[in-house]
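When a ligand or atom number is given, it counts from 1 through the structure's own listing order. For the single chain, residues carry numbers from 1 onward in sequence order.
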Amino acid sequence: MMGEIALPIRLDCLELREIKLALKHPFETSFGTTTNRRVMIVTVIDHSGAVGYGECVAMDGPFYNAETIETAWIIVTRHVATVLAQADGITAPQVSQLLDPIRGNRMATGAVEAAIWDLEAQLADEPLWKHIGGERTEVACGVSIGIQPSVTALLEKVAREIERGYQRIKIKIKPGVDVKLVESVRVKYPDILLSVDANSAYSLDRDLATMKELDHYGLLMIEQPFRPGNLLDHAKLQREMKTSVCLDESITSVADASDAIELRACKIINIKLGRVGGFSEAKKIQELAIENSIPIWCGGMLETGIGRAHNIALSTLPGFTLPGDVSASSRYWVEDIVDPPITVSPRGTITAPMSSGRGFEVNTQRLEACTVRRDELSFAPVSVRS
Ligand code: OSB
Ligand code: MG
């Protein structure tokens, strides 16, 4: 914060809501298809009435990682709230330390942490991206394209995203739906930055031959081929491949990143704010990656504008040199819950906002309209409750 010492934030209340938004198109990965996105939104409100927003990226089922929107709801209402109620004033950098005794459940704790950073940036009257130490004013954008019903459908999608200026195309793969897709995209586009994401669907024993075939297409990276705990197999694979292995699901903390780097299990790291528990942990991974010359990029989880705004802030940090899965609201939503929606320039970039906090206003009417469940946790002493 430009050398200033942040005043402790005194939280008045924390509001949780579940919203339900229909995706424009179903999004298929190796672990399933998402048609409606159920999202837990966290609102933190301080004594002055300032409001910070966070988005929990946990999905409907425990198939990307172990968390779900239900587990996140319980963790926040039962455990995060207890910790916050006991804290007598907090600063954003302290939140991850305070929540550290909560094992795992980082998407739950990370949503609250990010909301408090947003709130603190507003109180400091500076953009969130500057508040976390970001430097880049323009963020490079890539797209993640779900598994398509046919090669023709995939090629059409790829063509459209390239026309829009996106700087990197990532396609989802799963066993049996992989080499042919990559080959057809590569033949048509010999020079684009192209990568694949397997979401843990392969194994070294069974699929080394397929991995070696994928190695012939000049891919920028192959993201998370094996199961999250399987660092050793990723290291064995990386030894056999020219293509960089990138880890997503395997990296839940700076300790995981450190192990992966030491084992040479990857050459690239995808940092997702929610998966690692918020900005403080994400920054630790970012710093470690820079020390070890590991390129990093910001991953996405089909976020609404709130999560997207946080991802944009994260992407402004040094070291985020590869295009992220940070794309326009309109790729997923007919109408986003931020106003104006997030847009991408014809160069495939997003400009970091100059207004204070997350920089994208939440459309509260729209938010209300898609809310299906809510809870409010008050931290104010009983005597001042209205
Ligand atoms: O592995 O990066 C992933 C979406 C849901 C769950 C996991 C992943 C993804 C994506 C979409 O690839 C990225 C985006 O939000 O655009
Ligand atoms: Mg991924």
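Glu249 and Asn199 share a side-chain donor-acceptor pair at under 3.5 Å. Defined by atom type and a distance below 3.5 Å, a donor-acceptor pair is missing between the side-chain atoms of Glu135 and Thr316.
With sequence neighbours excluded, the residues forming a ring-ring contact (aromatic ring centres under 6.0 Å, His included) with Phe226 are His234, listed by chain and number.
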Enumerate donor-acceptor pairs with a distance under 3.5 Å from any side-chain N or O in residues 255-262 to protein atoms, sequence neighbours excluded.
unit_1: Asp256; atom_1: OD2; unit_2: Thr252; atom_2: N; d: 2.8
unit_1: Asp256; atom_1: OD2; unit_2: Thr252; atom_2: OG1; d: 2.5

Show which side-chain atoms of residues 145-153 pair as donor or acceptor with protein atoms under 3.5 Å away, not counting sequence neighbours.
unit_1: Gln148; atom_1: NE2; unit_2: Gly146; atom_2: O; d: 2.9
unit_1: Ser150; atom_1: OG; unit_2: Ala153; atom_2: N; d: 3.0

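Listed by number with element, the atoms of ligand 1 under 4.0 Å from a non-hydrogen atom of Glu223 are 2 (O). Applying the 4.0 Å criterion to heavy atoms of Ser144 picks out, from ligand 1, the atoms 10 (C), 11 (C), 12 (O), 13 (C).
Regarding atom 8 (C) of ligand 1, its nearest protein heavy-atom neighbour is Lys172 NZ, 3.4 Å. In terms of protein heavy-atom proximity, atom 6 (C) of ligand 1 is nearest to Met301 SD, 3.5 Å. The protein non-hydrogen atom at the shortest distance from atom 13 (C) of ligand 1 is Gly300 O, 3.5 Å. The protein heavy atom nearest to atom 14 (C) of ligand 1 is Tyr332 OH, 3.3 Å. When only non-hydrogen protein atoms are considered, atom 1 (O) of ligand 1 lies nearest to Asn199 ND2, 2.7 Å.
Within the model, atoms CG of Asp100 and CD of Gln94 stand 13.5 Å from one another, a figure rounded to the nearest 0.5 Å.
Judged by distance alone, with hydrogens and angles left aside, the side-chain atoms of Trp333 form a donor-acceptor pair with the main-chain N or O of Glu303 at under 3.5 Å.
Applying side-chain hydrogen bond (donor to acceptor under 3.5 Å, both in side chains) to Tyr202 and the options Asp207, Asp178, Thr210 leaves one that passes, Asp178.
A heavy-atom separation below 4.0 Å is found between Lys170 and ligand 1. Residue contacts with ligand 1 leave out Glu249, since none of its heavy atoms falls under 4.0 Å from the ligand.
Here's the thing with Lys272: one of its N/O atoms is less than 3.5 angstrom from an N/O atom of ligand 1.
Distances shorter than 2.8 Å separate the Mg ion (ligand 2) from the protein N/O/S atoms Asp197 OD2, Glu223 OE2, Asp248 OD2.
Closest heavy-atom approach to atom 15 (O) of ligand 1 among the candidates Leu302, Val326, Val57: Leu302.
The residue Gln224 has no part lying near ligand 1, judged by heavy-atom distances below 4.0 Å. Only side-chain heavy atoms of Asp197 come within less than 4.0 Å of ligand 1; its backbone N, CA, C and O stay farther off. Residue Asp248 touches ligand 1 through its side chain alone, judged by heavy-atom distances below 4.0 Å.
Taking the charged nitrogens against the carboxylate oxygens, Arg168 and Asp325 do have a contact shorter than 4.0 Å, which makes a salt bridge. Salt-bridge check for Asp46 with Arg10: failed, with every basic side-chain N at 4.0 Å or more from each acidic carboxylate O. For Lys284 and Glu281, the salt-bridge test passes: some basic side-chain N is under 4.0 Å from an acidic carboxylate O.
Arg358 forms no cation-pi arrangement with Trp117, by the criterion of a distance under 6.0 Å to the ring centre and an angle within 45° of the ring axis.
For Tyr53 and His310, the distance between ring centers is not under 6.0 angstrom.
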